[in-house]
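Only one structure is covered here, and it is reproduced in the block below.
Read the numbers this way: they start at 1 and go in the same order the structure lists the ligands and their atoms. Along the sequence shown, the residues carry numbers beginning at 1.
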Amino acid sequence: MQRLIPVLNSDHVPLHLISVINTLLTAAKEISHRLHQGSLAGTLGSTLDANIQGEVQKKLDVVSNQLIKNMLLETQLVHAVASEEEDEVVMGNPDAKYLVAYDPLDGSSNIDINGSVGTIFSILEKPDHPAEGTELFLQTGDEQIAAGYILYGPSTLLVMTTGNGVRVFTLDHTVGEFLLTVDTVTIPQETQEFAINMSNQRHWTTPMQKYIDDLLRGTEGPRAKNFNMRWNAAMVSDVHRVLTRSGIFTYPADLRNPDKPCKLRLMYEANPMSFLMEQAGGRATTGYERIMSIQPEHIHQRVSVIMGSRKEVDTCLTYFKKYP
Ligand code: AHG
Ligand code: MN
Ligand code: MN
Ligand code: MN
C-alpha cells in the first residue's frame, strides 16, 4: 500500500504543503493516542472554561487545539491559524504563505461516551493583497487548496482532497504511517439514509420541515420509498458515512435563536466538508446558496448546512423553491 507522501508527490502537491499536512497528521497521531488511552490519559471530561462559541470546552478540545497550533507554527511554514478554540487568528511566520483553519476536535460531546470524534482542517494561501489577522481568512471556500478530516473511530482515517478527487488513508498504528486505502471516493446518487438532529424539528423553517415530513412518510408519501435516519452528533462521522455509502447530512438553520440561527461554522466545518463533498461528486448548499461561494465576514461565522448525494440535495432544494 502506498504511503501518504509519495501519493501527495504524485498529485504534484508542493513540498511545503506536504510538510504542513504531515505536521497536522503528527498532531493527529498524538490526539488518536490520547483518545485510545481514554480515562488512562486523564484528558476526558470538561474544563471550567467556555470558548468563543459559548460551548464548555472539553479537556481534549484544549489539548488538541494546543497540539495542532504549536506544531503548525513551529514548522515556520504557516502564516496564521484560525481555530474553533481560539477567539482570534494566531499569527505565525510573516514570510510563510499557508493559512490553516481547523476544528481540533469535532463532535467533542462524544468523548465521554467513547464515541467517534475527529479533526477537520482547511488550508488556504495568504491573499495577494496586504491583509492582517482575521482578514487573511476571509476567502471563499473555492480558495481552499487542501481540506480534509481525521476520523478517530475504530480505525484512524485521513480523508482529504487537494482538488484532484478525494482519497482515504488508514493509519497503520504499528509503523505510524497513513497508508492509501481508497484511491477515489465517489458518492452514489441514490440513497435511503438521512442525517439530521430530529429533536430540533419544531424549530426548522418550513422547507426543511416539509422535506423531512415527506422522507418520514416513506412508501406512503411522495418519495415512495422508506428512509433510515442516522445521527452521530459528530459531523466528521456523519459526513464519512455519506462519503462512504451516500446519504444527505444537514444541520439546517432554525428559529430558536434569531441572532444565531445556525450551529455549524463555515471556515473550519462547512467549507472543508463542502470541498470534499463536491470533489466526490456531491453538493453542499445552505438551501439558498452554494456553501463554497459564500464570502465570509468573520472566522467563526455559522451557516446552515445541507450536503451529500447531488440527487438527494437537489430534491431537498426543490422544497426551498416551493416554500420560499
Ligand atoms: P464541535 O464538537 O466541534 O463543537 O462540533 C459539533 C457539531 C458537529 O460535529 C455535529 O454535527 C453537531 O455539532 C451536533 O450537534 P447536536 O449536538 O446539536 O446534535
Ligand atoms: Mn465545539
Ligand atoms: Mn465541529
Ligand atoms: Mn470542535
Decide ring-ring contact (aromatic ring centres under 6.0 Å, His included) for H173 and H36; before the verdict, give the C-alpha distance in whole Å, the side-chain angles of both, and the deciding distance to 0.1 Å.
-> CA-CA 11 Å; H173 287 274; H36 286 152; 5.4 Å; yes

Salt bridge present between D254 and R202 (N-O < 4.0 angstrom) |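 So D254 does not pair with R202 through a salt bridge.
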
Salt bridge E55-R265, side-chain N to carboxylate O under 4.0 Å =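 R265 and E55: salt-bridged.
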
Kindly give the atom name of the N, O or S atom of E84 closest to the Mn ion (ligand 2).
->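 Of the nitrogen, oxygen and sulfur atoms in E84, the Mn ion (ligand 2) lies nearest to OE2.
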
Using a cut-off of strictly less than 2.8 Å, determine whether G107 has an N/O/S atom near the Mn ion (ligand 4).
->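 No, outside the cut-off.
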
Is it true that some N/O/S atom of D103, main chain or side chain, lies under 2.8 Å from the Mn ion (ligand 2)?
->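 Looking at D103, which is the residue asked about, there is no N, O or S atom under 2.8 Å from the Mn ion (ligand 2).
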
Do you see an N/O/S atom of E55, backbone or side chain, under 2.8 Å from the Mn ion (ligand 2)?
->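 Coordinating: yes.
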
Quick one: sort the Y251 and W231 rings into parallel, tilted or perpendicular, breaks at 30° and 60°.
->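 The rings of Y251 and W231 sit tilted, inter-plane angle from 30° to 60°.
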
Relative to the Mn ion (ligand 3), which of the N, O or S atoms in D106 is the closest?
->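 Answer by atom name: OD1.
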
Return the name of the atom in E269, of element N, O or S, nearest to the Mn ion (ligand 3).
->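 The atom in question is OE2.
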
Considering residues, nucleotides and ligands other than R3, do more than 12 of their heavy atoms fall under 6.0 Å from its CZ?
->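 Atom CZ in R3 is not crowded, with 12 or fewer foreign heavy atoms closer than 6.0 Å.
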
